[in-house]
**Q** 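Let me give you the structure first, and then I'll get to my questions.
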2 protein chains.
Amino acid sequence: MEKTIHGRPYKETKRGPVLTPCAPNSVLARLGDKWTILVMSILALDPARPLRFSEIRTGIPDISQRMLTLTLRNLERDGLVLRRYFAEVPPRVEYELTAMGKTMLPALEGFTGWIRENWQEIERSRQAFDAAEAERSASGT
Amino acid sequence: MEKTIHGRPYKETKRGPVLTPCAPNSVLARLGDKWTILVMSILALDPARPLRFSEIRTGIPDISQRMLTLTLRNLERDGLVLRRYFAEVPPRVEYELTAMGKTMLPALEGFTGWIRENWQEIERSRQAFDAAEAERSASGT
DNA sequence: CTGAATCCCTGACGATACTG
DNA sequence: CAGTATCGTCAGGGATTCAG
């Protein structure tokens, strides 16, 4: 029976616990990239309704066409988003969350909920830290 | 009363919902970087026990000294980790989770729990996607 | 309308060597 | 022991242009 912390296996040694990197890292890295959460959030607004490429893009004003394409492709590759292509003229493509994509929403909500409740304090901490750092370098002159 | 999804404010327009980027992005980006979650996980193994720099490093064999320093400093800046410096010879520095850092653990656990239950399926999806892609480019020759 | 291809730049990250 | 300084590499990501 392997011990885990946050889904990560680790071994007890006389020098303390040792974490061994594993696949879930890549999932977190994906979710942590610049646009993925925003795209997931857009699709989560009404999980039952597929959205067109341009609708998603309108919902995220600052994303470039290239990055939206890449982000959606990665989500499709991970099985979180379903892509449906209609061979019409002009072409139409719709995206929606897969079943697995939908099961992620509560966990995502839990995490972003914590952020919602704490980001002001984080912001304050960052400013205090930066101020203290600036003062140290000033006194060093 | 502003509407939010995943802690992110958005506006309804006739063209659909529009997400406006805000500070929490930077929190998720921080957590999503290469080492932060691993360091948090190490400190979370026994939240009551402060760890020395070298203990943390031993627990994450692949991290470089530089990246551990940077990761810890960022966590300290965000107010998630407390750094205690002892002016001894040789010097000793201990790190532990702050109160806010500890409140993050359940949310983190929820998220990584979802990953733990789904990463095999994600892995399968990735392989299927890559296989299909390889086949398409093969048939194109 | 959707997406591929190209160019380029910035920043994250690693390796190494040095310091209090 | 813990951290800094410096350098080099490489992928993420933006702007632009082309294609089906």
**Q** Can you name the atoms? Protein N/O to nucleotides 13-17 of chain D N/O, anything below 3.5 Å, with the distance.
**A**
from	atom 1	to	atom 2	distance (Å)
D/dG13	OP1	A/Lys34	N	3.4
D/dG13	N7	A/Arg66	NH2	2.8
D/dG14	OP1	A/Lys34	NZ	2.7
D/dG14	OP2	A/Trp35	NE1	3.3
D/dG14	N7	A/Arg66	NE	3.3
D/dG14	O6	A/Arg66	NE	3.3

**Q** On a heavy-atom basis, which atom in A/Leu38 and which in A/Lys34 lie closest, and how many Å separate them?
**A** CD1-O, 4.4 Å
**Q** Could you pull out all residues at least two apart from A/Glu133 that satisfy salt bridge (charged side-chain N to carboxylate O under 4.0 Å, His left out)?
**A** none
**Q** Ignoring backbone atoms, establish whether B/Thr69 has a side-chain N or O less than 4.0 Å from OP1 or OP2 of D/dA2.
**A**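 Checking D/dA2 against B/Thr69, no side-chain N or O comes under 4.0 Å of OP1 or OP2.
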**Q** Between B/Lys102 and B/Glu96, does at least one N-O distance fall below 4.0 Å, as a salt bridge requires?
**A** no
**Q** Of all residues at least two apart in sequence or in a different chain, which pass the side chain to side chain donor-acceptor pair (under 3.5 Å) check with A/Ser64?
**A**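 Counting only residues at least two positions away or on another chain, A/Ser64 forms no side chain to side chain donor-acceptor pair (under 3.5 Å).
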**Q** Just to verify, what does B/Arg57 make a salt bridge (charged side-chain N to carboxylate O under 4.0 Å, His left out) with, not counting sequence neighbours?
**A** none
**Q** Check every nucleotide of DNA chain C for an atom under 4.0 Å from a heavy-atom of chain B, then give the first and the last such nucleotide from 5' to 3'.
**A**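 Listing 5' to 3', DNA chain C meets chain B from C/dC13 to C/dG20.
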**Q** Mind checking what makes side chain to side chain donor-acceptor pair (under 3.5 Å) contact with A/Glu94, not counting sequence neighbours?
**A** A/Arg92
**Q** Look at B/Arg73 and D/dT4 and indicate whether a side-chain polar atom (N or O) is within less than 4.0 Å of OP1 or OP2.
**A**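 Yes, such a contact exists.
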**Q** Which residues in residues 86-97 of chain B have at least one heavy atom lying under 4.0 Å from any atom of DNA chain D?
**A** B/Pro90, B/Pro91, B/Val93, B/Tyr95
**Q** Can you tell me the distance, in whole Å, between the CG atom of B/Leu51 and the P atom of D/dA2?
**A** 11 Å
**Q** Mind listing the side-chain donor-acceptor pairs of residues 73-81 of chain B below 3.5 Å, one per line with the distance, residues two or more places apart or on another chain?
**A**
from	atom 1	to	atom 2	distance (Å)
B/Asn74	ND2	B/Leu70	O	3.3
B/Arg77	NH1	A/Asp130	OD1	2.8
B/Arg77	NH1	A/Asp130	OD2	2.4
B/Asp78	OD1	A/Arg126	NE	2.6
B/Asp78	OD1	A/Arg126	NH2	3.4
B/Asp78	OD2	A/Arg126	NH2	3.3
B/Asp78	OD2	B/Arg30	NH1	3.4

**Q** Can you name the residues that form a side chain to side chain donor-acceptor pair (under 3.5 Å) with B/Thr36, not counting sequence neighbours?
**A** B/Asp33
**Q** Nearest whole Å is fine: how far is D/dA2 C1' from B/Glu55 CD?
**A**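 Taking atom C1' of D/dA2 as the reference, CD of B/Glu55 is at 13 Å.
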**Q** How bent is the helix from C/dC1-D/dG20 to C/dG20-D/dC1, comparing axes over its five end pairs at each side, to the nearest 10°?
**A** 40°
**Q** What residue pairs, at least two apart or across chains, pass ring pair (Phe, Tyr, Trp, His ring centres under 6.0 Å) with a residue in residues 40-93 of chain A?
**A** none
**Q** To the nearest 0.5 angstrom, please state how far the CD1 atom of B/Ile42 sits from the CD atom of B/Glu55.
**A** 10.0 Å
**Q** Rounded to the Å, how far apart are B/Arg57 CZ and D/dC1 C1'?
**A** 11 Å
**Q** With A/Ser54, which residues qualify under side-chain contact (heavy atoms from CB on, under 4.5 Å), at least two apart?
**A** A/Arg52
**Q** Please name the pair of heavy atoms, one in B/Thr103 and one in B/Pro106, separated by the smallest distance, quoted to 0.1 Å.
**A** O-CD, 3.3 Å
**Q** Quick one, A/Ile63 and A/Ile56 - any side-chain contact, counting heavy atoms below 4.5 Å?
**A** no
